[in-house]
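In what follows, a single structure is set out as structure tokens and then discussed.
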2 protein chains.
Amino acid sequence: MSRALLSYRIGAIVRHVVSTARERARAALTAEILESARGQLATVGAAALSLRAVARDLGLASSALYRYFASRDELLTALIIEGYDAIGAAAEAADVPTAQPRTRWHAICAAVRAWALAHPHEYALLYGSPVPGYAAPQDTVAAAGRVGTALGRVLGDAARAGVLPPAEHRRTSLVTPAAAEALGGEHPDLDDAVRARALLTWSSVYGLISFELFGHFAGVVTDLDAFFTEQVGELADLLGL
Amino acid sequence: MSRALLSYRIGAIVRHVVSTARERARAALTAEILESARGQLATVGAAALSLRAVARDLGLASSALYRYFASRDELLTALIIEGYDAIGAAAEAADVPTAQPRTRWHAICAAVRAWALAHPHEYALLYGSPVPGYAAPQDTVAAAGRVGTALGRVLGDAARAGVLPPAEHRRTSLVTPAAAEALGGEHPDLDDAVRARALLTWSSVYGLISFELFGHFAGVVTDLDAFFTEQVGELADLLGL
DNA sequence: CGCTCGACGAGAGCGGTGCTCTCGTTCTGG
DNA sequence: CCAGAACGAGAGCACCGCTCTCGTCGAGCG
């Protein structure tokens, strides 16, 4: 079932450069399906996304869609990957590598929040409750790490610039080697405690955005914009940026 | 449509103490419906919760359920209120008012996480993406504040005990008066900045739990238990407990 | 005490869903 | 040129939430 998705992602590009008419038609229709699904996701949300509605939108029989996506879950998976890519790109676009680490941290967090507010349903699909019995395929985890990696770059640069407080070395590590690599890589000022703190701050930003988006701050916080930037500043303090 | 729910919640209790047989039967069946729905929620999740399955489970026609809950959303609302009550009760049960504020903070956070891990689908229903076009009725917000209020009590007690750092007073408030009341009430050491920080830490705990539960820490964090307690400690530092 | 009206549960049915299977067509690589 | 794969349409299955009707039964009122 991941076959079809894979062929969508790399598809005719890898196979051979001279694509046949059929392959081009397939790629085009796949893109159209995704576009329609993306529109439906943005308007009615993931739970109400209907294969039949997509088919109607494109003037196709519903059964025809199954030539392109083996199931509704697979279509959702493609949308999830697109979403992670989009929010990751937003984070990267907001990052100015020459700026101060703290400025960069603020910029990335603001960009992620802005993307979430602009695409609430997509954000919910990425970071909200996983859908029914849906288990995120391995394909998604690579794309998912893009925002974290952007923040990790800031952390690594800050460590190299020497703005981080000295690390408190300890024996057992709480962070996976792979994750440590994404979170700044090798550096004496970046030990496990600092990296774990980076994960905390990142998940805290996610908590702030989710609470705001899912309505848990309604009637609690007066100025959501000011509140967010202030708390992101607090997290920067905690991180040592 | 909120009539039926209301009558379920207060129902015969308020009307008159001497309940008729019909009222008792109604209350009993309502409880059975909720119990079956709770079971289904725990096993298949909210998105796959089916009124017809509940009816089958109870040996009823599906249409009969509509005498008790006007819609699937209303049944979900009742489950959400139950969930908020349960996680609030877990938080309150874990709190030992005579202990140190920091100890209480740790205990409450651990209890909330434990409840979330034990009831993942319920937690997702409460704090994950809102379901389809579902807008949380006002009934839920009261129950939702219970965990926050428990944490607010710790904050207030800490302020009265004088363990909090002095507050930095400012003009414009980011926290609603109602929320400020729940977050420790009146106290000179508890100004808006401290209360906002309390909201930050609470949403951070939510972020930590959600990332863990929704799989965003898979392959990133090695020891989730140890990681959580350590980061909760970091948040206590940030809060000044 | 009897009657009336409301609550109740069953059943059929509507329009919707994801998904499967079959069948004729159309393109493509050998 | 032609066999076989890819394709789209259509019918159909089992399920969903929800509505409507209809017969029944109980509870409160006169």
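Note on naming: letters A, B, ... go to the chains in the order of the sequence lines (proteins, then strands), and numbering restarts at 1 for each one. No experiment lies behind these values; they were computed from the predicted model shown.
Within a heavy-atom distance below 4.0 Å of DNA chain C, the residues of residues 53-63 of chain B found are B/G59, B/L60, B/A61, B/S63.
No engagement by A/L65 is indicated, since no non-hydrogen atom pair under 4.0 Å with the nucleic acid exists. Within 4.0 Å of A/L75, counting heavy atoms only, lies no atom of the nucleic acid at all.
Although no hydrogens or angles enter the test, the distance criterion places no donor-acceptor pair under 3.5 Å between the side chain of B/Q231 and the main chain of B/F228. Checked by atom type and distance alone, the side chain of A/R52 never pairs as donor or acceptor with a backbone atom of A/S62 at under 3.5 Å. A side-chain donor-acceptor contact under 3.5 Å links B/T176 to the backbone of A/G219.
The existence of a salt bridge linking B/R113 and B/D225 is confirmed by a sub-4.0 Å separation between a basic side-chain nitrogen and an acidic carboxylate oxygen.
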Can you check salt bridge (Lys or Arg N to Asp or Glu O under 4.0 Å) on A/R38 and A/E122, steps first, answer last? CA-CA 9 Å; A/R38 205 181 311 124; A/E122 285 91 331; over 6 Å; no
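In this structure the side chain of A/F211 never reaches within 4.5 angstrom of the side chain of A/V221, judged on heavy atoms. The shortest distance between side-chain heavy atoms of B/Y66 and B/L51 falls below 4.5 Å.
If you take CZ of A/F69 and P of C/dT20, they are 16 Å apart, rounded to a whole angstrom. Atom-to-atom, CG of B/L29 to P of C/dC8 comes out at 9 Å; the value is rounded to the nearest Å. The separation between B/Y68 atom OH and C/dA7 atom C1' is 9 Å, rounded to whole Å. Remark: P of C/dA10 and CG of B/L51 are 15 Å apart, rounded to the nearest angstrom. In this entry the distance linking CZ of A/R52 with P of D/dG10 reads 13 Å, nearest Å. Rounded to whole angstrom, the span from the CZ atom of A/R24 across to the C1' atom of C/dT28 amounts to 13 Å. We find that CD of B/E23 is positioned 12 Å from C1' of D/dG28, with the value rounded to whole Å. Rounded to an integer number of Å, the gap from CZ of A/R72 to C1' of D/dA14 is 17 Å.
A cation-pi contact, defined as under 6.0 Å to the ring centre and within 45° of the axis, links B/R26 to B/Y68.
Between B/R26 and C/dC8 there is a side-chain polar atom (N or O) within less than 4.0 angstrom of OP1 or OP2.
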Using a 4.0 Å heavy-atom cut-off to protein, can you give one letter per nucleotide of nucleotides 21-27 of chain D, 5' to 3': B if the base is in contact, S if only the sugar-phosphate is, - if neither? ----BSS
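The aromatic ring centroids of A/F214 and A/Y127 lie 6.0 Å or more from each other.
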